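These values consider heavy atoms only, across backbone and side chains, with no hydrogens, waters or symmetry-generated copies. All figures in this text were calculated on a predicted structure; none of them were measured in a lab. A, B, ... follow the sequence lines: proteins, then strands. Residue 1 opens every chain.
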Protein chains: 2
Amino acid sequence: MDNRAIGVFDSGLGGLTAVRRLQEIMPQERIIYFGDTGRVPYGTRGRDIIIKYARQDVAFLRQFDLKAIIVACNTVSSVALDLLGEENDIPIIGTVEPACRRALRETKNGRIGVIGTVATVRSGAYERRLTAERSPLALTVCACPLFVPLVENGRVSRGDIVIETVVREYLTPLREAGVDTLILGCTHYPLLADVIGDFMQGVTLIDSGAEAANAARTQVEQGAGPGGTQYFVSDDPQGFTQLAGLFLQQPAAGEAELVEISRY
Amino acid sequence: MDNRAIGVFDSGLGGLTAVRRLQEIMPQERIIYFGDTGRVPYGTRGRDIIIKYARQDVAFLRQFDLKAIIVACNTVSSVALDLLGEENDIPIIGTVEPACRRALRETKNGRIGVIGTVATVRSGAYERRLTAERSPLALTVCACPLFVPLVENGRVSRGDIVIETVVREYLTPLREAGVDTLILGCTHYPLLADVIGDFMQGVTLIDSGAEAANAARTQVEQGAGPGGTQYFVSDDPQGFTQLAGLFLQQPAAGEAELVEISRY
């Protein structure tokens with residue numbers, strides 16, 4: 001038994017897709033979530049700024065007595081996970097390794113696709129991890145920079161010509177490469193599962209945030225309960241509830257508190 | 001003669017549309033530009049964070065010996081201009097008042113449209129200014145939250161179904177209202193002038209950044225030259241050159257220097 005909480009953070013609210021999974025599979029855990037809504041998005045930014053922001057996010061969470069931190073942000077997981085692991089004495093669980101492990105279990109033809117932000121793709125983290133585990137593999141990796149703003153504007157539905165056009169444009173190379181497994185390498189992308197699934201018929205979609213939550217279950221000693229989640233954001237706690245519902249697929253239990261993150 | 005420089009800032013690089021105009025009409029001026037690329041965008045954020053960021057942007061620029069600051073960001077101009085004006089002993093020139101003045105000169109039928117970010121629209125700054133100058137007016141104000149990410153991803157061309165669909169969606173209420181004048185209340189939007197112009201046939205488009213530059217010419221004592229522009233950003237100076245060319249419509253003369261803006 002370990003009754004300490006699990007910290008979870010993301011550049012914004014996409015990481016709530018990981019929280020949702022955590023709440024399902026480890027309902028007895030206390031979760032502290034921080035979403036850096038005052039500086040979102042990270043995926044368009046340079047490496048040094050991403051590292052700086054990630055360290056501040058961890059420093060904020062470390063004020064609580066935690067048994068692990070889930071980096072529910074593929075951009076940070078791709079760019080700064082090793083560094084955060086070295087700097088902290090509790091497990092820092094990212095999205096990349098669990099998502100890769102799952103993709104390697106799922107693929108039949110050894111053709112795996114990865115989609116993510118510009119920073120995630122530029123980092124090469126997914127290719128490094130996948131090819132370190134198994135080689136040869138046929139990998140196709142594509143940045144999808146418009147997916148985050150489209151999701152945040154609710155453009156996630158079948159029949160919306162805007163999202164369908166962008167999905168077709170970004171994912172055509174993946175379809176042409178014949179991938180049978182596609183890693184959704186950004187915690188916003190599960191909200192596009194319908195539209196992506198329609199275009200990538202028969203392809204297994206890997207939800208990287210959910211896989212990070214699954215990894216936590218195997219790596220972290222269980223709590224005794226009762227579970228519960230506290231939410232913190234760096235901008236506009238009033239706006240939190242509406243957008244959070246989108247990612248949690250149910251109303252967030254409780255309000256979010258405001259954090260001045262640049263102080264950390 | 002006043003040889004001090006003019007400071008210009010924006011949440012990102014959209015404010016370079018104002019710099020371009022300044023360089024045309026006041027070629028003898030020294031310009032110091034700061035783009036807060038490490039925290040862009042502002043237009044989706046809450047009021048308190050926008051004010052905090054704007055004060056830091058001004059504090060950075062005030063390190064230089066300036067004769068005026070142009071707030072080449074409609075979000076900051078809408079939310080924080082009065083405050084910044086009170087806190088500084090040099091003219092702080094925003095986009096809202098000059099754009100409104102121009103729109104009132106241009107309109108024949110008294111029906112004016114305004115488009116901007118969510119924060120700009122929520123502030124009500126354009127309505128307040130326009131109706132203070134003339135009443136009655138028929139105003140139609142619409143937030144266009146996807147325009148900034150679409151512009152930053154280069155989706156600005158005629159024939160691009162994504163931008164054409166979003167333009168039609170956002171601007172239909174303005175066309176139905178019969179506006180004859182449309183204020184582009186965000187310094188990113190002039191890059192969409194072709195697509196917006198096609199949809200809003202016969203409507204006069206007002207470039208708020210250019211109008212702010214025009215206002216500076218009347219309010220600021222001239223420099224003796226030689227002119228020149230120094231660029232500062234809070235993220236990724238390497239990435240600056242490419243995106244800057246989009247807004248300046250010519251290569252930026254010179255590199256950008258990195259600023260750690262959260263220190264100010």
Side-chain angles (χ1 to χ4, degrees), chain A residues 11-13 36-53 55-56 117-119 122 143-155 159-170 233-240 242-243 256 258-264, chain B residues 11-13 36-53 55-56 117-119 122 143-155 159-170 233-240 242-243 256 258-264:
Chain A
S11 56
L13 301 185
D36 193 4
T37 53
R39 303 187 298 196
V40 69
Y42 288 3
T44 54
R45 308 202 193 280
R47 182 183 154 78
D48 294 346
I49 282 276
I50 293 165
I51 290 172
K52 177 185 162 177
Y53 290 176
R55 281 180 164 145
Q56 291 178 315
T117 66
V118 168
R122 190 178 53 209
C144 302
L146 279 170
F147 280 0
V148 168
L150 287 170
V151 167
E152 296 206 328
N153 282 279
R155 311 303 292 243
D160 178 339
I161 193 174
V162 171
I163 187 63
E164 289 195 338
T165 302
V166 173
V167 163
R168 188 170 59 242
E169 231 180 83
Y170 286 162
V233 290
S234 52
D235 185 20
D236 194 15
Q238 289 75 36
F240 167 79
Q242 192 192 354
L243 200 52
L258 186 65
V259 176
E260 195 164 329
I261 192 63
S262 61
R263 288 204 181 150
Y264 289 88
Chain B
S11 57
L13 301 185
D36 194 4
T37 54
R39 302 187 299 196
V40 69
Y42 287 4
T44 54
R45 307 202 193 282
R47 180 184 155 78
D48 294 347
I49 282 275
I50 294 166
I51 290 171
K52 177 185 162 177
Y53 289 176
R55 280 177 164 148
Q56 289 178 315
T117 65
V118 169
R122 190 179 52 211
C144 301
L146 279 170
F147 279 179
V148 167
L150 288 170
V151 166
E152 296 205 328
N153 281 279
R155 310 302 293 243
D160 179 337
I161 192 173
V162 172
I163 187 62
E164 289 195 340
T165 302
V166 174
V167 162
R168 189 171 57 243
E169 231 180 85
Y170 286 162
V233 290
S234 52
D235 183 22
D236 194 15
Q238 289 75 38
F240 167 79
Q242 193 192 352
L243 200 53
L258 187 65
V259 176
E260 195 163 328
I261 192 64
S262 61
R263 288 205 180 149
Y264 290 88

Approximate separation, where rounding is to 0.5 Å, of A:D235 CG and B:T44 OG1: 7.5 Å

Pairs meeting criterion salt bridge (Lys or Arg N to Asp or Glu O under 4.0 Å) with involvement of residues 159-169 of chain B, two or more places apart: A:R155-B:E169, B:R155-B:D160

Option that, when pairs with chain A are counted at under 4.5 Å, heavy atom only, ranks first among B:P41, B:S234, B:G239, B:G46: B:G46

Contact class of B:I163 relative to chain A, heavy atoms under 4.5 angstrom: neither

Winner by heavy-atom pair count (cut-off under 4.5 Å) against chain A, out of B:T37, B:V40, B:I50: B:V40

Segment of A:E260 engaging chain B (4.5 angstrom heavy-atom cut-off): side chain

Passing option when A:S262 is tested against B:K52, B:R39, B:Q56 for side-chain hydrogen bond (donor to acceptor under 3.5 Å, both in side chains): B:K52

Any residue meeting side chain to side chain donor-acceptor pair (under 3.5 Å) with A:R45, in chain and number order, not counting sequence neighbours: none

Heavy-atom neighbours of B:R122 CZ exceed 12 at 6.0 Å: yes

Part of B:Y42 within contact of chain A (heavy atom distance under 4.5 Å): neither

Under 4.5 Å from any heavy atom of chain A - which part of B:V148: neither

Candidate list A:L150, A:I161, A:V166, test side chain to side chain contact (heavy atoms under 4.5 Å, CB included), partner B:V162, passing option: A:V166

Close side-chain approach of B:I49 and A:D236, heavy atoms under 4.5 Å: no

